[in-house]
Peer 1: 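My questions all concern the structure below.
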Amino acid sequence: MSLFYLFLVAIIQGITEFLPVSSSGHLILLPNLTGMKDQGQVIDVAVHVGTLFAVVIYFWSDVRLALLGIPKMLRGRLEDPGAKLAFLLMIATIPVVLFGLVLKITGIDDAMRSITVIGWTMLIFGLVLYWADQKGPTAKVAGDWNLKDTIIMGLWQAIALIPGTSRSGITITAARYLGYAREDAAKIAMLMSIPTILAGGTLLAVEVAANADAALARDGAIAAVFAFVAAMLALTLMMRLLKSVSFTPYVIYRVVLGIVLIWIGHSS
């Protein structure tokens, strides 16, 4: 795979992973709209891992708190802030892992990688995000995150396995619906991405190692580095903008792109 194509895939992933516009949807669209060879799921997951490092570094204080809280969580001391955060992140990841396994076993995941599906999910969940962002109160902060809200957001996150939905977008939508302020909703959604991406990255890493495909592993590593840089820039910009801007610009982008993709899908 050429360096330019790896760079293109990584930049798209890095910019769109933390914006509520579906990074996976854009990665699937790239070969469909350009005629280039599909980069494959290994490269897709590699660039996701690159963005994983970006979110870990950006929210390092929270990540460190959760890591230090794991031993206390295992002892059942959930009154500790770190143990509570680690526990909630674990619970939030269970639905997406289970749903992901079902899609993988049944082969439905490959069937959903179409322009028409992405168009509809872009449009529908963009409108749902707008509704939740406009109607949802802003009374809660990240520190108010509790088990009930975690389960709800975890179930919503599982829907993001449908291409075009956007993992960050659907979890932010759930958080806004539950009453979290925009910046706090985004923060929780970003933290939820860490174990989710880690699980997917580990699975694909095992497959790459089993196949002993050194060239593919090298391409994945290069793409991951590019994605990391792009993700750090995009994440920093979005978190700053959320202090004064709503999610409406992202909704407009999703709706316009969704309509265009539906038209392309039905006319091709």
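This is a predicted model, so every value here is computed, not measured.
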Peer 1: List the atom of M232, the atom of A54, and the distance in Å for their closest heavy-atom pair.
Peer 2: SD-O, 3.3 Å
Peer 1: Would the distance check show the side chain of D80 and the main-chain N or O of R77 forming a donor-acceptor pair, the cut-off being under 3.5 Å?
Peer 2: no
Peer 1: Can you name the nearest heavy-atom pair linking P95 to G154, along with the distance?
Peer 2: CB-O, 3.4 Å
Peer 1: Is there a donor-acceptor contact under 3.5 Å from the side chain of K84 to the main chain of W145?
Peer 2: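 Answer holds: yes.
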Peer 1: Please examine the side chains of T150 and N146, heavy atoms only from C-beta on, and report whether any two atoms are closer than 4.5 Å.
Peer 2: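 They are not in contact (no side-chain heavy atoms under 4.5 Å apart), so the answer is no.
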Peer 1: Can you see whether D149 engages Y180 through a side-chain donor-acceptor pair at a distance of less than 3.5 angstrom?
Peer 2: yes
Peer 1: Do L129 and F125 have side chains that approach each other closer than 4.5 Å (heavy atoms only, starting at C-beta)?
Peer 2: no
Peer 1: Does the plane of the ring in F226 sit parallel, tilted or perpendicular to the ring in F7? Use 30° and 60° as the thresholds.
Peer 2: perpendicular
Peer 1: Does any N or O in the side chain of S22 come within less than 3.5 Å of the main-chain N or O of G164, such that one atom is a donor and the other an acceptor?
Peer 2: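 Confirmed, S22 side chain pairs with G164 backbone.
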Peer 1: Answer yes or no: is there a side-chain heavy-atom contact under 4.5 Å between L78 and M73?
Peer 2: yes
Peer 1: Are any non-hydrogen side-chain atoms of R176 and T138 less than 4.5 angstrom apart?
Peer 2: yes
Peer 1: Side-chain donor-acceptor pair under 3.5 Å between T116 and S114, yes or no?
Peer 2: no
Peer 1: Check the surroundings of atom OH in Y177: do more than 12 heavy atoms from other residues, nucleotides or ligands lie under 6.0 Å from it?
Peer 2: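 No.
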Peer 1: Test R254 against S166 for side chain to side chain contact (heavy atoms under 4.5 Å, CB included), laying out the working first.
Peer 2: CA-CA 10 Å; R254 289 186 64 113; S166 174; 3.3 Å; yes
Peer 1: Does the side chain to side chain contact (heavy atoms under 4.5 Å, CB included) test come out yes or no for V63 and W60, once each step is laid out?
Peer 2: CA-CA 5 Å; V63 173; W60 174 243; 3.8 Å; yes
Peer 1: Any ion pair linking D184 and K140 (charged N to carboxylate O, less than 4.0 Å)?
Peer 2: no
Peer 1: Would you say the ring centroid of F53 lies under 6.0 angstrom from that of F228?
Peer 2: no
Peer 1: I'd like to know if the side chain of T51 reaches the main chain of A231, judged simply by a donor and an acceptor atom lying under 3.5 Å from each other, with no hydrogens or angles considered.
Peer 2: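 Flag not set: sc T51 to bb A231 has no pair under 3.5 Å.
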Peer 1: Grouping I, L, V, M, F, W and Y whenever their side-chain heavy atoms are under 4.5 Å apart, do V260 and V251 come out in a common cluster?
Peer 2: yes
Peer 1: Please check if the side chain of R240 supplies one atom and the backbone of L235 the other of a donor-acceptor pair under 3.5 Å.
Peer 2: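 No.
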Peer 1: So, for G169 and P20, which heavy atoms are closest and what is the spacing to 0.1 Å?
Peer 2: CA-CB, 3.4 Å
Peer 1: F247 and L242: side chain to side chain contact (heavy atoms under 4.5 Å, CB included), yes or no, with the steps?
Peer 2: CA-CA 8 Å; F247 290 105; L242 285 180; 3.6 Å; yes
Peer 1: Just by modelled atom types, is the L161 backbone N or O under 3.5 Å from a matching donor or acceptor in the T165 side chain?
Peer 2: no
Peer 1: Take atom OH in Y130; do more than 12 heavy atoms of anything else shown fall under 6.0 Å from it?
Peer 2: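 Count not over threshold, so no.
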Peer 1: Minimum heavy-atom separation for Q157 and A92, please, with both atom names.
Peer 2: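 Looks like NE2-O, 3.3 Å.
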Peer 1: Give the cluster check for M239 versus L191: same hydrophobic cluster or not, with ILVMFWY residues linked at side-chain heavy-atom distances below 4.5 Å.
Peer 2: yes
Peer 1: For the residue pair D133 and R182, establish whether any side-chain heavy-atom pair is separated by less than 4.5 Å.
Peer 2: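 Side-chain contact under 4.5 Å: yes.
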Peer 1: Dump the intermediate steps for side chain to side chain contact (heavy atoms under 4.5 Å, CB included) on Y250 and M238, then the final yes or no.
Peer 2: CA-CA 11 Å; Y250 306 112; M238 186 188 75; 3.6 Å; yes
Peer 1: Consider only side-chain heavy atoms of I, L, V, M, F, W and Y, link residues closer than 4.5 Å, and tell whether I162 and V102 are in one cluster.
Peer 2: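 No; V102 is not reachable from I162 via cluster members.
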Peer 1: Would you indicate whether the side-chain heavy atoms of P195 and M90 approach each other to under 4.5 Å?
Peer 2: no
